[in-house]
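Every value quoted in this text rests on a predicted model; they were computed, and no experiment measured them.
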Amino acid sequence: MKAKGFFLGLLALLGGFGGAEGLGDPMAGRLERGAEVLLRLFTEEVREGAFAPGFLAQVPAAQVAAIVAQLKANLGEPEGARPLEPGRYLLELERGYVPARISLDREGRIAGLFFEPPIAKLGSLEEALEAFRGLSGRVGLWVERDGRPVLALEEDTPLAVASAFKLLVLAALREEVEAGRRAWDEVVRLEEAWKSLPSGLLQGWPEGSPLTLHTLAALMISLSDNTATDALIALLGRERLEALSPRNRPFLTTREAFGLAARGNRDLLAAFRDGDLEAKRQALEALRARGLPQVVDLPLDPGDWPPEADWRFTPRELCRWMGKVADLPLMGINPGVAAFGWDRVAYKGGSRPGVLSLVHGLSRGKSRYCVAFVWNGEEVDELKAFTLYGGLLDLLP
């Protein structure tokens, strides 16, 4: 659930990929040149002359330099770079790896550059567990292989999970489809009352736009579309979701969560916080009458975001819900931070000030994994989290 352009799985996307990378050159030469140029970014001063004009029209060289400096501060000095596939490389630093995509123009200048989430170098699962345990705030972690525990840290502690709650919504929708009460190709028309704040696309679509339930589900998972989510909550019914997760009563829509968090609605937040279940429902009814807040009305400081404006699940529960939907093809549209080496990837994450959650369903050969990581606190650091999480995935046998 992100109202501020929520980052979930990508470190930086710089420029485009339209460059004519070494047209006419042998493939091996192109791969070597890409690795050399990438390594040079981390060993020499970042200069404007290294970039194609079209790239600089979108992204200044200083921004690239800042990202490079941040990666080096977290992972140390570079030790080498090698190709993984055409246009994709693995940069090795002292304490981790950074998968990256780079394209060059005919003059060898950078026309496109894309850094994927970094991967920490971790020696063992025990070392990984200690690293997660060392994070500030409240941290939950659950890793299972074929239903058996691999790693656990506060795995049964309910934590705020932001958009990872959408796994439960999808699981409920799948149950309705398999029971014959709904169909993936069922068409509904977008209602104004369903519109929420970004992330997503549908908040800007015209009222009455026809959408299949599959489209709503795919947008909810791959883009974390909040309007698609609220549409499905309305269609499934709040009571249906509350029956699946009694802890989250009333089961909030994203629009309601944003409303409770908005600075101008603190009176209704107090009524929601202090009231019984019926009083909470009445507060939500009053909140709907006030309309959708503006993004600028939302707090950016983690300490100012009310804990009531979220959904609480344990890491083990997140894996339970992931297990019910991981085999759906739409779960692989956005693979999140799972870099490579998996036969199938299912992913959902969540983020808002003071909250980060990452949940993966993974398969390799006959083995099936689930990894759920949740971090709540004043100092949630996405780069550190993605780096550790990527290192943990890299360790899984």
Side-chain angles (χ1 to χ4, degrees), residues 1-8 159-173 188 190-205 207 211 213 215-242 244-245 247-265 268-269 272 280-281 283-300 302 305-313 318 321 334 348-357 359 374:
M1 173 186 113
K2 47 194 182 195
K4 59 178 180 61
F6 163 36
F7 160 42
L8 244 225
L159 297 169
V161 300
S163 281
F165 87 92
K166 296 169 185 177
L167 288 169
L168 180 141
V169 178
L170 181 60
L173 174 61
V188 298
L190 183 63
E191 296 185 15
E192 195 66 29
W194 298 343
K195 291 189 177 182
S196 185
L197 297 176
S199 55
L201 300 171
L202 293 184
Q203 70 277 356
W205 284 31
E207 184 179 3
L211 296 156
L213 297 188
T215 298
L216 290 172
L219 290 173
M220 175 178 69
I221 297 300
S222 64
L223 296 182
S224 213
D225 192 300
N226 291 321
T227 297
T229 304
D230 287 2
L232 290 174
I233 292 174
L235 293 166
L236 292 166
R238 195 193 301 270
E239 296 78 10
R240 174 82 178 91
L241 300 172
E242 289 174 352
L244 295 174
S245 182
R247 184 189 302 114
N248 292 287
R249 292 190 303 164
F251 198 94
L252 299 176
T253 64
T254 68
R255 180 175 177 136
E256 290 167 344
F258 287 132
L260 288 173
R263 297 183 185 89
N265 293 329
L268 294 180
L269 172 64
F272 183 89
K280 291 180 189 296
R281 295 194 192 282
L284 294 181
E285 190 66 34
L287 195 66
R288 282 191 288 275
R290 294 189 181 181
L292 185 64
Q294 300 294 313
V295 173
V296 295
D297 296 330
L298 301 178
L300 295 179
W305 193 284
E308 295 79 10
D310 211 315
W311 305 261
R312 293 188 174 270
F313 291 86
L318 291 175
W321 296 115
N334 173 7
K348 187 72 195 84
S351 173
R352 56 97 168 157
V355 171
L356 180 68
S357 58
V359 190
V374 185

Asks: Check for a donor-acceptor pair, side chain of Ser199 on one end and backbone N or O of Ser224 on the other, with a separation under 3.5 Å.
Replies: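 Checked: pair present.
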Asks: Below 30° counts as parallel, above 60° as perpendicular, anything between as tilted: where do the rings of Phe251 and Trp311 land?
Replies: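 Taking Trp311 first and then Phe251, their aromatic rings sit tilted (interplane angle of 30° to 60°).
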Asks: I want to check something: taking the side chain as every heavy atom from C-beta on, are Leu284 and Arg238 in contact at a cut-off of under 4.5 Å?
Replies: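 Counting from C-beta outward, Leu284 and Arg238 do come under 4.5 Å.
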Asks: Ignoring hydrogens and angles, tell me if any N or O in the side chain of Ser357 forms a donor-acceptor pair with the backbone of Gly350 under 3.5 Å.
Replies: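 Checking the backbone N and O of Gly350 against the side chain of Ser357, a donor-acceptor pair under 3.5 Å is found.
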Asks: Does Gly259 offer a backbone N or O that forms a donor-acceptor pair with the side chain of Asn265 under 3.5 Å?
Replies: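 Checked: pair present.
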Asks: Check whether any side-chain heavy atom of Asn226 sits under 4.5 Å from a side-chain heavy atom of Lys166, and report yes or no.
Replies: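 SC-SC contact between Asn226 and Lys166 confirmed.
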Asks: How close do Leu300 and Pro353 get, heavy atom to heavy atom, and via which atoms?
Replies: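 Where Leu300 meets Pro353 most closely, the heavy atoms are O-CB, 3.4 Å.
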Asks: Which value, rounded to the nearest 0.5 Å, describes the distance between Leu268 atom CG and Glu256 atom CD?
Replies: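 Spacing of CG (Leu268) from CD (Glu256) equals 11.5 Å.
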Asks: Side-chain contact test, heavy atoms from C-beta onward, threshold under 4.5 Å: evaluate it for Leu170 versus Met220 and give yes or no.
Replies: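 Heavy-atom side-chain distance check passes, below 4.5 Å.
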Asks: CD/Glu191 to OG1/Thr227 distance, rounded to the nearest 0.5 angstrom?
Replies: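 That separation rounds to 12.0 Å.
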Asks: Run the numbers on Phe272 and Leu252 for side-chain contact (heavy atoms from CB on, under 4.5 Å), then give the verdict.
Replies: CA-CA 12 Å; Phe272 183 89; Leu252 299 176; 4.1 Å; yes
Asks: Using 0.5 Å steps for rounding, measure from the CG atom of Leu168 to the CG atom of Asn248.
Replies: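 If we round to the nearest 0.5 Å, Leu168:CG and Asn248:CG are 8.0 Å apart.
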Asks: Please find the pair of heavy atoms, one from Leu269 and one from Pro306, that lie closest to each other, and give the distance.
Replies: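 Closest approach of Leu269 to Pro306: CD2-CB, 3.6 Å.
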Asks: Using a 4.5 Å cut-off on heavy atoms from C-beta on, say whether the side chain of Leu202 contacts that of Leu216.
Replies: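 Sidechains of Leu202 and Leu216: in contact.
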Asks: Check whether Arg255 reaches the backbone of Lys195 with its side chain - one donor and one acceptor, N or O, closer than 3.5 Å.
Replies: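 Looks like yes, one N/O pair under 3.5 Å.
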Asks: Determine whether more than 12 heavy atoms belonging to other residues, nucleotides or ligands lie under 6.0 Å from atom CZ of Arg249.
Replies: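 Count not over threshold, so no.
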Asks: Would you say CD of Gln294 has more than 12 non-hydrogen atoms from neighbouring residues, nucleotides or ligands within 6.0 angstrom?
Replies: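 No.
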Asks: Which heavy atom of Val355 sits nearest to which heavy atom of Ala160, and what is that distance?
Replies: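 Smallest interatomic distance, heavy atoms only, reads CG1-O, 3.4 Å.
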Asks: I would like to know whether Val374 and Phe313 meet side-chain contact (heavy atoms from CB on, under 4.5 Å); could you show each step before the answer?
Replies: CA-CA 9 Å; Val374 185; Phe313 291 86; over 6 Å; no
Asks: side-chain contact (heavy atoms from CB on, under 4.5 Å) for Leu235 and Trp194? Distances and angles first, verdict last.
Replies: CA-CA 10 Å; Leu235 293 166; Trp194 298 343; 4.3 Å; yes
Asks: Does the pair Val295 and Phe258 meet the rule for a side-chain contact (heavy atoms from CB on, under 4.5 Å), with working shown?
Replies: CA-CA 9 Å; Val295 173; Phe258 287 132; over 6 Å; no
Asks: Look up atom CG in Leu241 and atom OG1 in Thr253, then write down how far apart they are to the nearest 0.5 Å.
Replies: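 That separation rounds to 11.0 Å.
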Asks: Got a donor-acceptor contact below 3.5 angstrom from the Ser351 side chain to the Leu356 backbone?
Replies: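 Looks like no, no N/O pair under 3.5 Å.
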Asks: When rounded to the nearest 0.5 angstrom, what is the spacing between CG in Asp225 and OG1 in Thr215?
Replies: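 Rounded to the nearest 0.5 Å, the CG-OG1 separation comes out at 11.0 Å.
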Asks: Measure across Arg281 and Pro250 and return the closest heavy-atom pair with its distance rounded to 0.1 Å.
Replies: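 In terms of heavy atoms, the two residues are closest at NH1-CB, 3.8 Å.
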Asks: Could you go through Thr229 and Thr254, starting from their C-alpha distance and side-chain angles, then the distance that decides it, and tell me whether this counts as side chain to side chain donor-acceptor pair (under 3.5 Å)?
Replies: CA-CA 8 Å; Thr229 304; Thr254 68; over 6 Å; no
Asks: Can you name the nearest heavy-atom pair linking Ser196 to Gln203, along with the distance?
Replies: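 Answer, listing the atom of Ser196 first, then Gln203: O-CB, 3.2 Å.
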Asks: Strictly distance-based, threshold 3.5 Å: is any side-chain N or O of Asp297 a donor or acceptor partner for the main-chain N or O of Gly264?
Replies: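 Such a contact is absent between Asp297 side chain and Gly264 backbone.
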Asks: Check step by step if salt bridge (charged side-chain N to carboxylate O under 4.0 Å, His left out) holds for Glu242 and Lys280.
Replies: CA-CA 14 Å; Glu242 289 174 352; Lys280 291 180 189 296; over 6 Å; no
Asks: Do Asn334 and Leu223 make a side-chain contact, defined as non-hydrogen atoms from C-beta onward lying under 4.5 Å apart?
Replies: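 SC-SC contact between Asn334 and Leu223 ruled out.
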Asks: Spell out, as yes or no, whether a donor-acceptor pair under 3.5 Å connects the side chain of Asp310 to the backbone of Ala162.
Replies: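 Side chain of Asp310 to backbone of Ala162: a pair is present.
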Asks: How close do Ala309 and Ala257 get, heavy atom to heavy atom, and via which atoms?
Replies: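 Where Ala309 meets Ala257 most closely, the heavy atoms are CB-O, 3.4 Å.
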Asks: Atom CG of Leu173 and atom CG of Leu213: how far apart are they, to the nearest 0.5 Å?
Replies: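 Output value for this atom pair is 6.0 Å.
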Asks: Quick check against the 3.5 Å criterion: does Arg247 have a side-chain atom that pairs as donor or acceptor with the backbone of Arg312?
Replies: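 Confirmed, Arg247 side chain pairs with Arg312 backbone.
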